[in-house]
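Input: a single structure, listed below in structure tokens.
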Amino acid sequence: MTLTRNLLTLVLALPLVVLGNDAMGYIKAGGSPTGAGLFVDGKYIGPAGRFTVAEKYAVEPGRYEVTLKDPRYEDFTTTVEVRPGKTTKIDYKLKKVEPAKPPLGRLRFTGGVSESFLSIASGDTSAVYVNGRFWGHVDEFNNAGGGMLLPPGTYQVRVASPVYGEINQSVTIEANKLTTIPLRK
């Protein structure tokens with residue numbers, strides 16, 4: 001009886017799955033810097049690309065405001081129209097801002113999947129915010145040689161992650177020192 005019910009559920013759901021895929025459109029942004037955060041109507045959906053390969057994100061058809069953000073560059077915003085079954089491509093080149101002046105401290109995440117380099121392939125979209133501004137992706141700041149360079153001071157760090165949950169933490173950065181935040185899985 002359970003097998004019959006499961007098969008019936010699967011057969012009834014198939015048209016929805018097929019319709020769902022055909023009914024979606026896609027956004028793909030290519031440009032520099034590759035790893036800029038891609039925001040659709042203010043919501044972070046993932047990096048524009050990883051290792052120079054542009055990501056493609058499914059969205060419902062419609063008109064959207066798309067913003068690309070990277071803390072080392074000025075934000076770029078455009079409006080796009082996404083059609084069912086089609087990919088809307090955005091070309092961008094963000095304008096550099098002046099980098100922070102030394103002395104700097106380094107903030108890095110420890111633990112979690114990213115440290116083993118697997119999150120890159122898994123589509124992890126864990127976003128990092130510093131004082132409310134998008135700063136990047138967990139996998140950029142979760143390896144022994146990585147981390148973000150910040151002037152000494154106290155910062156509010158937030159990680160919005162489907163993998164690690166929501167992390168909100170006040171962190172004090174000291175010049176020429178490493179500060180770490182452990183990730184929970």
Side-chain angles (χ1 to χ4, degrees), residues 26-59 64 66-77 87 89-97 99-100 104-174 176-185:
Y26 302 90
I27 294 176
K28 187 175 191 175
S32 175
T34 306
L38 184 64
F39 291 76
V40 175
D41 285 346
K43 182 180 180 223
Y44 175 71
I45 61 170
R50 295 183 195 257
F51 301 110
T52 70
V53 177
E55 298 281 343
K56 185 166 132 176
Y57 294 99
V59 295
Y64 295 99
V66 177
T67 303
L68 291 127
K69 298 181 179 195
D70 183 298
R72 301 164 297 172
Y73 299 84
E74 291 179 9
D75 293 351
F76 170 82
T77 301
T87 299
K89 295 179 182 170
I90 301 167
D91 293 318
Y92 68 94
K93 182 169 174 66
L94 302 184
K95 212 187 267 188
K96 282 192 176 199
V97 296
L104 303 170
R106 187 163 56 118
L107 176 63
R108 181 169 77 81
F109 297 101
T110 60
V113 176
S114 300
E115 199 165 53
S116 67
F117 198 69
L118 295 176
S119 76
I120 293 166
S122 71
D124 180 6
T125 58
S126 301
V128 178
Y129 298 85
V130 176
N131 290 344
R133 180 162 165 70
F134 176 78
W135 211 259
H137 325 286
V138 166
D139 58 12
E140 294 177 285
F141 311 121
N142 189 24
N143 57 64
M148 62 183 86
L149 296 174
L150 296 167
T154 301
Y155 298 88
Q156 188 61 37
V157 177
R158 181 171 77 90
V159 176
S161 171
V163 176
Y164 307 109
E166 190 80 18
I167 298 171
N168 282 297
Q169 187 171 333
S170 181
V171 175
T172 299
I173 302 296
E174 297 179 47
N176 304 312
K177 293 200 177 178
L178 171 65
T179 302
T180 61
I181 296 176
L183 294 171
R184 306 176 294 271
K185 180 133 181 174

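Quantities reported herein were computed from a predicted structural model and do not represent experimental measurements.
Side-chain atoms of Asn142 come within 3.5 Å of backbone N or O of Gly111 as a donor-acceptor pair.
Of the listed residues (Tyr64, Phe76, Phe134), just one forms a ring pair (Phe, Tyr, Trp, His ring centres under 6.0 Å) with Phe39, and that residue is Phe134.
Qualifying side-chain hydrogen bond (donor to acceptor under 3.5 Å, both in side chains) partners for Thr180, counting only residues two or more places apart in sequence or in other chains: none. Among residues two or more places apart in sequence or in another chain, the side-chain hydrogen bond (donor to acceptor under 3.5 Å, both in side chains) test is passed with Arg106 by none. Residues satisfying the side chain to side chain contact (heavy atoms under 4.5 Å, CB included) criterion with Ala48, sequence neighbours excluded, are Ala29, Leu68, Tyr92.
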Exercise for review: Mind running side-chain contact (heavy atoms from CB on, under 4.5 Å) on Glu55 and Leu38 for me, showing each step along the way?
Suggested key: CA-CA 10 Å; Glu55 298 281 343; Leu38 184 64; over 6 Å; no
Practice item. Kindly indicate, with the supporting measurements, whether the criterion side-chain contact (heavy atoms from CB on, under 4.5 Å) is fulfilled by Val40 and Tyr57. Key: CA-CA 10 Å; Val40 175; Tyr57 294 99; over 6 Å; no
Point to revise | Derivation and outcome, side-chain contact (heavy atoms from CB on, under 4.5 Å), residues Val128 and Glu140 | key: CA-CA 10 Å; Val128 178; Glu140 294 177 285; over 6 Å; no
Practice item. Using the side-chain contact (heavy atoms from CB on, under 4.5 Å) rule, take Val157 and Phe141 through it: C-alpha gap first, then chi angles, then the decisive distance, then the call. Key: CA-CA 13 Å; Val157 177; Phe141 311 121; over 6 Å; no
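Here the closest heavy-atom approach between residue Leu94 and residue Glu74 is recorded as CD2-O, 3.7 Å. Of all the heavy atoms in Pro151 and Leu104, the pair that sits closest is N-CD2, 3.6 Å. Residues Asn143 and Asp139 come closest through the heavy atom pair ND2-O, 3.8 Å. Scanning both residues, Pro71 and Val97, for their nearest heavy atoms gives O-CG2, 3.8 Å.
In this structure, Asn168 and Gln156 have side chains that are in contact, with non-hydrogen atoms separated by less than 4.5 Å. When side chains are defined from C-beta on, Leu107 counts as touching Ile181, because their heavy atoms get closer than 4.5 Å. Residues Asp75 and Arg133 have side chains in contact (heavy-atom distance under 4.5 Å, counting atoms from C-beta outward). In this structure the side chain of His137 reaches within 4.5 angstrom of the side chain of Tyr44, judged on heavy atoms. Side-chain contact between Arg72 and Lys96 is absent, with no heavy-atom pair separated by less than 4.5 Å. At least one side-chain heavy atom of Thr154 sits under 4.5 Å from a side-chain heavy atom of Ser170.
Under the 6.0 Å cut-off for aromatic ring centres, Phe109 and Tyr164 do not qualify, their centroids lying 6.0 Å or more apart.
Here the OG-CD distance, from Ser126 to Glu166, works out to 10.5 Å after rounding to the nearest 0.5 Å. For the atom pair OG1 (Thr179) and CG (Leu150), the distance works out to 9.0 Å, reported to the nearest 0.5 Å.
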